[in-house]
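A, B, ... follow the sequence lines: proteins, then strands. Residue 1 opens every chain.
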Amino acid sequence: MNPFRATSKHIGEHVAEWTIRIVASFSIIVIFLIFVFVFREATSLFVAPAAKTEAPAPTAEADLRPEVYNPDVMSLEERMAAETSAATDQDVYNPDAELTPAASEADQEVYNPDAVLSETSAAADEGQDVYNPDVELGTPAQAASTQVEAPTAEEAPKSLWDRLTGTVWQPVSEIPKYGMVPLLIGTAKTTIVAILLGAPLGILAALYTAFFAPRRLRNIVKPAIELLAGFPSVVIGFFCLSIIASYLQDILGTTFRLNAIVGGIGLSITVIPLVFSIAEEALSAVPRSLREASLALGSTEWQTAYRVMLPAAAPGVFAAVLLGVGRAFGETMIALMATGNAPLPSWSILEPARTFAATIGSEMGEVVWGSEHYGILFLIGSMLFVFSFGLNAITELYVKQRLIKRFQGK
Amino acid sequence: MAKDLPIKARTQDFSFYYGSKQALYNITIPMYEHRVTAFIGPSGCGKSTFLRSINRMNDLIDGTQHTGLMEIDGTNVYASDVDVTTLRRRVGMVFQKSTPFPKSIYENITYGLSLTGSKPKAELDEIVESSLRRAALWDEVKDRLHHSALGLSGGQQQRLCIARAVSINPDILLMDEPCSALDPISTGKVEELITELKDSYTIVLVTHNMQQAARVSDYTGFFLLGKLIEFDRTRTIFTSPAQKETEDYITGRFG
Amino acid sequence: MITFQGHLAPHKRIIGFFAVLVAAFAAVAIIGLLVSMLGTFTIGGLQHLTWSFLTEAPRNSNMEGGIFPAIIGTALLVLIMTILGVPVGTATAIYLNEYAKQSSVFARSVRFAVNTLAGVPSIVFGLFGVGFFVQFLGKGLDGAVYGDANAKVFGEESLLWCSATLAVLTLPVVIVAVEEALRAVPRELREASLALGATRWQTIRRVVLPNSLTGILTGSILAVGRGAGEVAAILFVGVAYSMGSDLGLTEKFMHLGYHLYVLATQSPDVEKALPLQYATTLVLLALTFLLNFTAIYIRSQLRRKT
């Protein structure tokens with residue numbers, strides 16, 4: 001006879017435990033779902049045959065009124081077109097000023113907001129059905145086959161890869177161009193500026209609060225910098241757009257008020273508190289005995305900080321910078337508001353730029369569901385996701401391993 | 001004389017491992033009913049590990065294993081049909097650091113009872129009083145039963161934990177260095193308690209204080225580096241130990 | 001005679017001086033930035049921040065009037081987001097801290113997933129919102145409830161899907177905060193409960209959770225603070241610049257952050273719009289900071305207790 005047999009079946013216990021386990025798996029499921037559903041919308045690119053990829057010509061878009069998310073308000077393009085003439089300090093992608101080299105190509109490729117406008121407003125007037133999934137890409141392809149002839153005569157249908165690696169990004173034109181090179185350059189430009197500004201500032205400030213600041217100052221400085229992290233990025237973008245842009249233009253006398261450097265500064269404002277927090281944590285986590293040993297040997301505070309503590313905290317500081325890169329790379333609102341939003345394949349930071357994230361942000365509202373443009377935007381999203389995933393994996397695995405090894409004396 | 005006493009719990013060649021590291025080596029020990037059995041030894045020698053194996057608190061740690069037999073009332077405690085929560089209701093435990101729940105004194109005592117369903121208030125009141133009396137705490141707290149238990153002094157808190165352990169009427173009471181965080185006066189009170197409580201329960205005590213073991217226990221086991229060096233009546237261990245290591249430890253040559 | 005001064009060569013002392021100066025300068029520069037931002041917004045927008053601004057609807061295509069609908073929209077958004085996200089985050093944190101064996105693959109996967117989620121760019125969440133919530137769940141719901149997958153009731157951008165998207169986005173924030181609160185409960189309390197014959201769930205429910213309520217609260221508030229300011233994730237999942245009078249789960253809604261974005265980038269009259277932009281910013285900042293400060297305050301009280 002076992003006196004320790006269970007007296008009750010503990011059903012509630014099992015239910016509770018399994019409910020919690022299942023809910024905990026939501027995180028994993030969500031990551032998985034993001035993979036699936038973001039990639040899924042991009043797969044239409046690879047599945048559709050070449051003929052269909054010609055389909056989204058402007059005339060085709062007239063049949064399917066683009067899925068605007070603001071049917072009762074003017075679309076972004078329409079607004080911007082209205083502004084172009086007013087010539088305010090709003091940023092407008094002005095083809096005449098910048099696209100001179102590209103303009104030598106066939107002229108129907110110049111991004112002409114007015115041309116698009118007439119199409120979309122025409123469609124709006126006709127009160128066409130907003131979107132109709134049954135009207136697959138096949139229909140407009142047939143309908144537009146006559147108009148499509150002229151472009152196909154000029155260039156044989158390029159492979160998807162060729163088109164994605166082109167140097168012109170003009171999704172809204174007679175022959176849409178999805179060359180991602182300008183986007184890549186734009187993202188790289190702004191991220192580099194952001195990191196070059198933000199990482200040193202963040203790390204130095206972390207050094208200061210961890211080792212040089214007297215206690216009372218530390219208790220003011222640390223929360224103040226962390227307060228910066230609480231600013232929504234739309235507010236930072238606004239600040240750059242209105243204040244920093246003008247300020248910088250006054251000082252540097254640049255042609256373009258909104259450009260990569262303004263955007264980079266804005267991005268650095270989000271990078272700084274991130275790098276600061278993580279670096280400060282890493283620096284504080286270095287065992288105090290190390291610091292005391294160094295000081296006991298006659299080093300000064302600054303020698304100890306820069307030559308003993310900082311190297312000891314290197315994996316953590318490196319992780320901080322990596323995370324800062326990830327943050328700058330994926331940031332949308334600031335890129336939308338402060339970079340000038342023009343996909344120029346130029347490395348000059350005084351010229352406007354367009355990042356991957358901003359591309360999705362500004363064009364997603366205007367795309368036709370299921371169209372090639374839609375698929376490409378999702379493709380960009382997938383790339384962003386994979387990049388951040390990879391960055392996180394590296395930080396987790398590599399950096400943590402280094403940290404563990406270092407403190408185990410291997 | 002020891003052969004006549006009923007055995008409440010015993011182990012046979014009991015070894016215990018944290019992962020691949022062995023912590024206990026073939027421990028064979030009887031624990032006699034209504035007696036106080038004490039385990040002494042330097043820190044890290046495995047006595048706490050052994051104690052926690054009796055009510056399977058070590059199961060909470062990842063990767064632990066054991067070999068050998070651990071029996072209570074003739075039943076293998078690690079058998080597959082043993083329900084751990086039922087086991088723990090029959091084997092009470094008092095920890096080194098007093099751990100009152102951040103609730104009222106009354107709620108602390110009734111916690112164990114409420115785990116198996118609600119009981120009428122009259123019954124609960126009665127059990128609260130008897131448990132607190134048995135822990136020699138009733139007079140001190142009877143007027144503030146519904147105040148927070150955290151307002152009690154260290155010694156009172158530990159006695160509260162004893163009352164709480166006793167409230168569910170276990171057969172065995174395990175005590176893991178119960179006085180190490182207490183002042184001498186509170187320690188004295190708890191030691192008095194232990195001597196009274198053994199009439200109702202079987203007590204197994206771990207202590208790093210040799211004198212306490214000498215004062216309070218009937219049987220003593222000396223642990224060293226995971227092995228049981230010697231086990232005998234307390235008087236024998238402390239006056240004429242058989243093993244040299246025991247004698248060295250008792251006389252303070254190490255530890 | 002031992003002297004303790006001047007053991008460093010003069011040039012090293014200058015380096016030392018600059019080393020510290022540079023670090024201090026960095027800190028000062030960052031704070032200067034913070035102050036200038038706050039200052040600009042306050043000076044520019046404080047006078048426009050009137051009671052009528054806060055309680056009226058916008059007029060004249062958002063060039064005049066108030067931002068009341070945006071405030072309401074934002075409030076509803078974070079409310080629903082909390083209802084959806086906090087239970088999931090709390091349960092996940094409970095699993096990680098109370099049930100998970102450190103060596104188990106599942107536990108490590110959950111942790112990795114949470115860390116990954118924390119690093120995903122918010123715009124990708126927006127795409128997820130469209131691709132999964134609107135296009136998949138929404139259409140599915142339409143099909144199930146109305147028998148027509150294109151009924152455009154659930155299968156469209158709306159407040160509901162924005163809340164769901166933000167709930168997913170702020171999940172890591174909640175999880176981290178709740179875990180911290182759970183860890184603050186001493187291990188001994190759990191052991192005492194288990195030693196009395198309580199099951200793990202009984203211990204969690206009766207000992208651990210009551211002591212972690214403040215942490216759960218902190219986590220929720222931090223998540224709300226994060227969600228209230230997040231625009232990129234809901235940019236095309238349901239926000240609108242001007243609203244009809246309908247306000248419902250399946251409708252679009254106005255939102256403070258989005259409102260600021262459109263005001264800042266699309267106003268036809270920049271002069272007129274500037275004070276409005278500043279005022280809107282102040283409201284958004286006030287909301288965000290209030291939430292963050294409350295959370296930090298609660299958290300510091302919690303830390304002081306333990």
Is there a side-chain contact between A/Ile20 and C/Trp201, using heavy atoms and a 4.5 Å cut-off? yes
Is the CZ atom of C/Phe25 crowded by more than 12 outside heavy atoms at less than 6.0 Å? no
Would you say that A/Pro232 contacts C/Leu256 through its side chain, given a criterion of any heavy-atom pair below 4.5 Å between the two side chains? no
Quick check: A/Phe238 with C/Tyr278 (ring centres under 6.0 Å apart)? yes
Taking A/Ile22, A/Val36, A/Leu336, A/Ile236 one by one, which has the highest count of heavy-atom pairs under 4.5 Å against chain C? A/Leu336
So which heavy atom on C/Ala19 is nearest to which on A/Phe212, and how close? O-CE1, 4.5 Å
Could you walk me through whether A/Phe231 and C/Phe289 pass the ring pair (Phe, Tyr, Trp, His ring centres under 6.0 Å) test, one step at a time? CA-CA 8 Å; A/Phe231 277 80; C/Phe289 285 160; 5.2 Å; yes
Could you pull out all residues at least two apart from C/Asn115 that satisfy side-chain hydrogen bond (donor to acceptor under 3.5 Å, both in side chains)? A/Glu396
Using heavy-atom distances under 4.5 Å, tell me whether A/Val23 contacts chain C through its side chain, its backbone, both, or neither. both
C/Thr281 vs A/Phe239 side-chain heavy atoms within contact, under 4.5 Å: no
Output for pair (C/Met37 CE, A/Ile244 CD1), nearest 0.5 Å, gives 7.5 Å
Should A/Tyr208 and C/Val28 count as side-chain neighbours, where that means a heavy-atom distance under 4.5 Å? no
Carefully, step by step, assess C/Tyr95 and A/Ser25 under the rule side chain to side chain contact (heavy atoms under 4.5 Å, CB included). CA-CA 9 Å; C/Tyr95 167 73; A/Ser25 62; over 6 Å; no
Among A/Gly330, A/Ala24, A/Ala224, A/Ala16, which residue forms the greatest number of heavy-atom pairs with chain C at distances under 4.5 Å? A/Ala24
Just how far is it from atom CG of C/Leu34 to atom CD1 of A/Ile225, taken to the nearest 0.5 Å? 9.0 Å
For C/Gln202 and A/Glu13 the tightest heavy-atom approach is N-OE1, 4.0 Å
For the OH atom of C/Tyr99 and the CZ atom of A/Arg21, what is their distance to the nearest 0.5 Å? 8.0 Å
Report all side-chain donor-acceptor pairs from residues 381-391 of chain A shorter than 3.5 Å, counting only partners two or more places apart or in another chain.
from     : atom 1 : to       : atom 2 : distance (Å)
A/Ser382 : OG     : A/Phe378 : O      : 2.8
A/Ser388 : OG     : A/Phe385 : O      : 3.1

Supply the atom-to-atom distance A/Ile360 CD1 to C/Ile123 CD1, rounded to the nearest 0.5 angstrom. 5.5 Å
Does the side chain of C/Phe128 come within less than 4.5 Å of A/Leu33's, by heavy atoms? yes
Residue part contacting chain C, namely of A/Ala213, when any heavy atom lies under 4.5 Å: neither
